[in-house]
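Note that ligands are numbered from 1 as they come in the structure, with each ligand's atoms numbered from 1 the same way. All values reported here derive from a predicted model rather than from experimental measurement.
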Amino acid sequence: MSPDLAASLRRHSLGWLAAANAVGVLLAALLLWPDLNGALAPLTYGRWVPLHLDWQLYGWCALPLVGVLLGYFMRPDAAGLTAGRAALGCWSLGLAFGGASWLAGWSSGKIFLEWAGPARVGWSLALLCLWLLLCAQAWPRRREFPLWAHLFLAALFAVPFVLWWASDPRVYPAVDPDTGGATGASLLGSTLGLLAVFGLLPWLLRLPVRAPAAAIFRRQRLYWLYFAFSFALDLALRHGNVSHHDHGHIIGLGSLIAWVPLVWRYTRSFAWPPAAPAWLGAAFAWWLLLAVTGFGTYLPAIADRLKFTNGLVAHAHLAMAGLVTSLHVAILLCLDGRWRPARWSGWLWQAGCAVQVGLLLWLGWQEGADPSVLYVRGGLADLCYAGRLAAGLAMLAASIAWCRQAWRTE
Ligand code: HEM
């Protein structure tokens, strides 16, 4: 990827992270002082939630991966730079328009798929623009790309249409009536999708291999064999009207823990740029915690207490603010060597995230036993919400520091 495109990508990605974090801090403040909603009306809590969730998901959690695609398929010259910037511009415009429309009250009501009205059209078009630009850039050099890259790019054509379709509230309801919500039947399948992305990541980043060819071959084979096994396991599981009481799904989720050492070995086969391993190490630490606590909290006795409490919010932040954020900083560090987050900001982020996750998990556990703790002003809930607000401010400060550095680094 050309250094200028890498710089643009960092600004878009980190800009969305900081913006979404600022909204997260606002939400945290509103949970602590609900009366503030009156002053903000009609832009109250519910209007802001999609901005926090979707800007994190489609902004911060997606754009560094879009950058990996741009780096792989775009030409590293002026034409590639123009096309890449156009793609990033369309993406951010679609996301900003989405934010304005959610604030205005247009929403499908489906979490992470709130796209409705003109924003739904705009977002699908933005995704289609990205795909067309990737194809236009890759086509003249099509013979340079291996077969898997052609298949991958062809498969991405479906994304704008699938998102358009899935955002329709008539396609399936916001809360699955069969499972009652987030302890659904697709957790193994959707996680395998992420593992497929991770398996391709070092190749898309064109990282040099550092293990002997035979060792790489063995580790790759193990990765994809275990992937095929997990995929077959997912197919064999009952889907639809199941829940966390189904033993098959408990075994399926347990099988995810084995991925952590497997992916660690796979990752170490590649030569990552000097600053990336520390962030990869953090990502693996969060992932290990996520896999173990995710499995534990899925077990019926624990899930029945934690389901729909702040424990779930803790899980989401552990996954996205801990694991995904650490991985995505590592990806940004791979694009070129000119941007490096200051050490203090890295530690501040990780500490803020750990405090936020710990407090929410603790609150969720208490709330599961006695939901009334949430309604006592000045009680345990307010104490935890105040700690989470402080942790959130620390994370916001770290992300602003990363963003400022990205704007300064030419
Ligand atoms: C400045 C740091 C952050 C703060 C203060 C913050 C705050 C919040 C708040 C207040 C909620 C709403 C919880 C509720 O309605 O009970 C929330 C939900 C959520 N946040 Fe954050 N957040 C932060 C960072 C992040 C990051 C970095 C990500 C992802 C990369 C993220 C992803 C999510 C997700 C997925 C949810 C939905 C959780 C659920 O409903 O289960 N947050 N956050």
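Using modelled atom types, one side-chain atom of R120 and one backbone atom of W164 make a donor-acceptor pair closer than 3.5 Å.
Using a 4.5 Å heavy-atom cutoff, the side chains of N37 and L43 are not in contact. Counting heavy atoms from C-beta outward, P50 and I111 have side chains that stay 4.5 Å or more apart. A 4.5 Å side-chain heavy-atom check between W259 and P261 finds every atom pair outside the cut-off.
Per-residue contacts place F112 under 4.0 angstrom from the following atoms of ligand 1 (heavy atoms of the residue considered): 35 (C). The distance from ligand 1 to the heavy atoms of A316 drops below 4.0 Å at these ligand atoms: 35 (C), 38 (C). Which parts of ligand 1 touch A28 is read off a 4.0 Å heavy-atom cut-off, strictly below it: atoms 10 (C). Below 4.0 Å from some heavy atom of L27 lie the following atoms of ligand 1, by number and element: 10 (C). Interface atoms of ligand 1 facing C61, defined by a heavy-atom separation under 4.0 Å, are 30 (C). Counting the atoms of ligand 1 from 1 in the order shown, those under 4.0 Å from a heavy atom of W349 are 27 (C).
If you run ring pair (Phe, Tyr, Trp, His ring centres under 6.0 Å) between W91 and each of W131, W55, Y58, W123, only W123 comes through.
Seen from atom 21 (Fe) of ligand 1, atom NE2 on H317 and atom NE2 on H52 lie at an angle near 180° (rounded to 10 degrees).
Looking at G24, G352, A321, it is G24 that brings a heavy atom closest to atom 5 (C) of ligand 1. Ranked by closest heavy atom to atom 41 (O) of ligand 1, the top entry among L312, L374, T325 is L312.
In this structure, W402 and W60 have tilted ring planes: the angle between them lies in the 30° to 60° band. Ring pair W287/F284 is tilted by interplanar angle, where 30° to 60° counts as tilted.
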For a ring pair (Phe, Tyr, Trp, His ring centres under 6.0 Å) check, start with the C-alpha distance between Y298 and F295, then their side-chain angles and the critical distance, and finish with the verdict. CA-CA 5 Å; Y298 193 76; F295 175 67; 8.0 Å; no
Pair R85-D4, side chain to side chain contact (heavy atoms under 4.5 Å, CB included): steps then yes or no: CA-CA 9 Å; R85 283 189 171 158; D4 288 340; 3.8 Å; yes
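A cation-pi geometry, defined here as NZ or CZ lying under 6.0 Å from the six-membered ring centre and within 45° of its normal, does not hold between R47 and W102.
Heavy atoms of Q56 found under 4.0 angstrom from ligand 1 belong exclusively to the side chain. Using a 4.0 Å cut-off between heavy atoms, Y45 contacts ligand 1 through its side chain alone, with no backbone atom that close.
Protein heavy atom at the shortest distance from atom 40 (O) of ligand 1 is V313 CG2, 4.4 Å. In this structure, atom 36 (C) of ligand 1 lies nearest to the protein heavy atom L53 CD2, 3.2 Å. If you check which protein heavy atom lies closest to atom 35 (C) of ligand 1, you get M320 SD, 3.3 Å. Among all protein heavy atoms, the one lying closest to atom 3 (C) of ligand 1 is Q356 NE2, 3.7 Å. Closest to atom 1 (C) of ligand 1 among all protein heavy atoms lies G392 O, 3.2 Å.
A ring-centre distance under 6.0 Å is found for W148 and Y72.
For ligand 1, the polar-atom distance check against R388 finds no nitrogen or oxygen pair separated by under 3.5 Å. Between N21 and ligand 1, a contact under 3.5 Å exists for no N or O pair.
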